[in-house]
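Heads up: the structure comes next, in structure tokens.
By convention here, the first residue in the shown sequence is residue 1.
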Amino acid sequence: MDKLRIHGGRPLNGSIAVSGAKNAALPLLAATLLAPGTHTLRNVPDLRDTRTMLKLLQIMGAAWERDGGTVRVDSSRLTGAEAPYDLVKTMRASVLVLGPLLARAGQARVSLPGGCAIGARPIDYHLKGFEALGVVTEMAGGYVEARVQGELRGGTICFDIPSVTATENVLMAAARAKGKTVIQNAAKEPEVGNLIDMLEAMGVRIEGKDSDCLTVTGAAELRPAEISIIPDRIEAGTYLIAAGAAGGSLEVTNCDPSHLTALIEKLRAAGMQIETQADRCTAFCPVNSEGQPCPLRAVNITTMPYPGFPTDLQAQFMALMSRSSGVSIIHETIFENRFMHVAELRRLGAEIAIDGGSAVVTGIPHERLVGAPVMATDLRASASLVVAGLAASGTTEISRIYHLERGYERMAEKLRKVGAAIEQVPED
Ligand code: EPU
């Protein structure tokens, strides 16, 4: 197993290109199970999670090949409809094969994901949605066993709160259901929009894209799709935040700034200058009259479903605020346990108090943020430790970086190119 070693305190200058979005690639890969034939997906990031999804597709009988960022999946012949515990325990998003398998094979058996480092994360909304389409579900031996009774037929479902993967799962099942399905209080994340584009390319009619009410008219026959994965807004946001923490001026290319509005507003409020063009953002950190970096202002954030501030950037933003010039309040409203990074950030000297779902971050001068050995606990927590390590003086060593490899393509290499002293070394 490897760890990351960062010698902090160096500004980031130059340009980083963002990869395709993990959280779009996963549902779009799962959607290839819906229609027989060869689907072509471009801009697919090569990550631990996308490899896990490809392994799952292979277990179902699909064949695939990768050529750079292009992945072709041939799902002409499906031989299985089961997602085993061994894979689901490494990636909760495996549950995304449920919808397409029900639509294509009429049944599916998927291991129930357990709790995870950021919260309990049940899948009751997914199951409730399938039931509205005529699916019977039961739990047995740690697995969800789902079966279509008769045929899939359109229905109406209203989620208690918007759920990204539940919206995607129900969209995929509804794609082949007879009649219309209405999803109310649907998630509006851009990754859901990317899936809608793919389903439309397959021959499904969907009204309401980018809104919280989606109407799907299923089609009995679907054709294979050719589609590009949208840029990863969380990866882009992580690098903009890293620039704020380390200083310098950083251009982030191959991204869609319109997906980053909530973050950009907060970075500007903190004192960073952010310039946007159609496919890129450039971040400039504030400097004083002698050209020396100035601390950022403290700003508060509350995580919300899209277009609100994303929970997937909360940990990184907290690392940034740990060296601001004031007190920042961070409310986490999506996941109940997404503060695992706090104890690790404190090891670097950050002053953070937790009160229920809120964290109070008291900014400290940069010389008091000092590198230390820390441990990654989940994907975005790991990214926050990289941000803090880049800002801290001295050496930070981050162990268990397999979490990071789930969602960031070649992160150390990309950061090295813009001036960071970061290397991947074997753990002792
Ligand atoms: N929820 C339920 N029941 C359900 C489904 C969700 O109670 O059946 C609750 C969750 O516990 C949570 C809230 O609804 O409190 C919203 O969670 P959501 O279902 O939207 O999360 P998700 O679909 O499981 C996706 C991303 C996460 C991201 C969240 C929120 C993928 C593969 N995962 O998860 O990404 O944090 O949406 O935006 O799309 C990450 O990339 O690091 C990551 C965790």
Query raised in the report: Is a salt bridge present between D49 and R92, judged by a nitrogen-to-oxygen distance below 4.0 Å?
Result: no

Query - N43 (side chain) donor-acceptor with I229 (main chain) under 3.5 angstrom - result: yes

Query - Any donor-acceptor pair under 3.5 Å from R176 side chain to L152 backbone - result: no

Report task. Give the intermediate values and the outcome of side chain to side chain contact (heavy atoms under 4.5 Å, CB included) for residues D74 and R72. Result -> CA-CA 7 Å; D74 178 359; R72 288 188 183 81; over 6 Å; no

Query raised in the report: Under the side chain to side chain donor-acceptor pair (under 3.5 Å) criterion, do E332 and T311 qualify, and how do the steps go?
Result: CA-CA 7 Å; E332 171 57 55; T311 174; 3.0 Å; yes

Query raised in the report: Donor-acceptor pair, T215 side chain versus V182 backbone, under 3.5 Å?
Result: no

Requested in this report: For residues G349 and I364, report the shortest heavy-atom separation together with the two atoms involved.
Outcome: O-CD1, 3.4 Å

**Report entry** Test side chain to side chain contact (heavy atoms under 4.5 Å, CB included) applied to V71 and R66, step by step
**Finding:** CA-CA 4 Å; V71 173; R66 180 185 266 281; 3.8 Å; yes

**Report entry** Sole residue of L240, T253, V18 in side chain to side chain contact (heavy atoms under 4.5 Å, CB included) with C281
**Finding:** L240

Report task. Examine the side chains of R48 and Y408 and answer whether a donor and an acceptor come within less than 3.5 Å of each other. Result -> no

Query - Separation of I274 CD1 from L250 CG (nearest 0.5 Å) - result: 9.5 Å

Report task. Please determine if E207 and R205 form a salt bridge, counting it only when a charged side-chain N lies under 4.0 Å from a carboxylate O. Result -> yes

Report task. Please determine, by modelled atom types, if T137 and E131 share a side-chain donor-acceptor pair under 3.5 angstrom. Result -> yes

Requested in this report: Report yes if some heavy atom in the side chain of M139 is under 4.5 Å from a heavy atom in the side chain of L127; otherwise report no.
Outcome: yes

**Report entry** Distance (rounded to the nearest 0.5 Å) between M272 CE and S249 OG
**Finding:** 10.0 Å

Query - Gap separating the CG atom of L4 from the CE atom of M411, nearest 0.5 angstrom - result: 8.0 Å

Query raised in the report: Have E275 and Q273 got a donor and an acceptor in their side chains that come within less than 3.5 Å?
Result: yes

Query raised in the report: Which is it for L29 and L96 under the side chain to side chain contact (heavy atoms under 4.5 Å, CB included) test, yes or no, and what are the steps along the way?
Result: CA-CA 9 Å; L29 284 169; L96 282 166; over 6 Å; no

Query raised in the report: Nearest heavy-atom pair of I183 and F159: which atoms, and what distance?
Result: CG2-CE1, 3.5 Å

Requested in this report: Output, in order, the C-alpha distance, side-chain angles, deciding distance and verdict of side chain to side chain contact (heavy atoms under 4.5 Å, CB included) for I196 and E200.
Outcome: CA-CA 6 Å; I196 290 176; E200 286 188 324; 4.2 Å; yes

Report task. Please tell me if the side chains of L390 and L415 come closer than 4.5 Å, counting only heavy atoms from C-beta onward. Result -> yes

**Report entry** T303 side chain vs F309 backbone, donor-acceptor pair below 3.5 Å
**Finding:** no

Query - Student check: side-chain heavy atoms of T261 and P307 closer than 4.5 Å - result: no

**Report entry** Pairing residues for R109 by the side chain to side chain donor-acceptor pair (under 3.5 Å) criterion, not counting sequence neighbours
**Finding:** E82, E145

Query raised in the report: Which heavy-atom pair separates V135 from A146 by the least distance, and what is that distance?
Result: CG1-CB, 3.9 Å

**Report entry** Validation row: L28, L195 side chains within 4.5 angstrom (heavy atoms)
**Finding:** yes

**Report entry** Main-chain N/O of A225 paired to H39 side chain as donor or acceptor, under 3.5 Å
**Finding:** yes

Report task. Could you tell me whether a side-chain N or O of N169 sits under 3.5 Å from a main-chain N or O of G99, the two making a donor and an acceptor? Result -> yes

Query raised in the report: Can you name the nearest heavy-atom pair linking I157 to A132, along with the distance?
Result: CB-CB, 4.5 Å

Report summary line: Rounded to the nearest 0.5 Å, the CG atom of D312 sits from the CD atom of E189 at a distance of 9.0 Å

Query raised in the report: CG of D124: more than 12 outside heavy atoms within 6.0 angstrom?
Result: yes

Query raised in the report: Any donor-acceptor pair under 3.5 Å linking the side chain of Q314 with the backbone of R338?
Result: yes

Query raised in the report: Taking 4.0 angstrom as the limit, do E191 and R233 come out as a salt bridge?
Result: yes

Requested in this report: Please name the pair of heavy atoms, one in I241 and one in Q316, separated by the smallest distance, quoted to 0.1 Å.
Outcome: CG2-O, 3.4 Å

**Report entry** Spatial distance of atom CD (E409) from atom CD (E235) [nearest 0.5 Å]
**Finding:** 7.5 Å

Query raised in the report: Less than 4.5 Å apart, any side-chain heavy atom of L313 and any of R380?
Result: no

Query raised in the report: Do the side chain of Y85 and the main chain of Y143 share a donor and acceptor less than 3.5 angstrom apart?
Result: no

Query raised in the report: Within the distance-only criterion (no hydrogens, no angle test), does the side chain of D232 pair as donor or acceptor with the backbone N or O of S19 below 3.5 angstrom?
Result: no

Requested in this report: Taking only Lys NZ, Arg NE, NH1 and NH2, and the carboxylate oxygens of Asp or Glu, determine whether R42 and E226 approach each other closer than 4.0 Å.
Outcome: yes

Query - Sidechain-backbone polar pair: S75 side chain, T32 backbone, donor-acceptor under 3.5 Å - result: yes

Query raised in the report: Roughly how far apart are L47 CG and R406 CZ, rounded to 0.5 Å?
Result: 10.0 Å

Requested in this report: Taking the side chain as every heavy atom from C-beta outward, state whether F317 and L267 have any pair of such atoms under 4.5 Å apart.
Outcome: yes

Query raised in the report: If we only count heavy atoms from C-beta on, is the P36 to R104 side-chain gap below 4.5 Å?
Result: yes

Query raised in the report: Y125 versus I161: any side-chain heavy-atom pair under 4.5 Å?
Result: yes

Query raised in the report: For K128, does the NZ atom sit with more than 12 other heavy atoms under 6.0 Å from it, leaving out its own atoms?
Result: yes

Report summary line: Correct closest heavy-atom pair for R223 and A201 would be NE-O, 3.2 Å

**Report entry** Salt-bridge criterion met for K209 and D197 (N-O under 4.0 Å)
**Finding:** yes

Query raised in the report: In a check of side chain to side chain contact (heavy atoms under 4.5 Å, CB included) between V95 and each of V144, I123, L112, V88, which one passes?
Result: I123

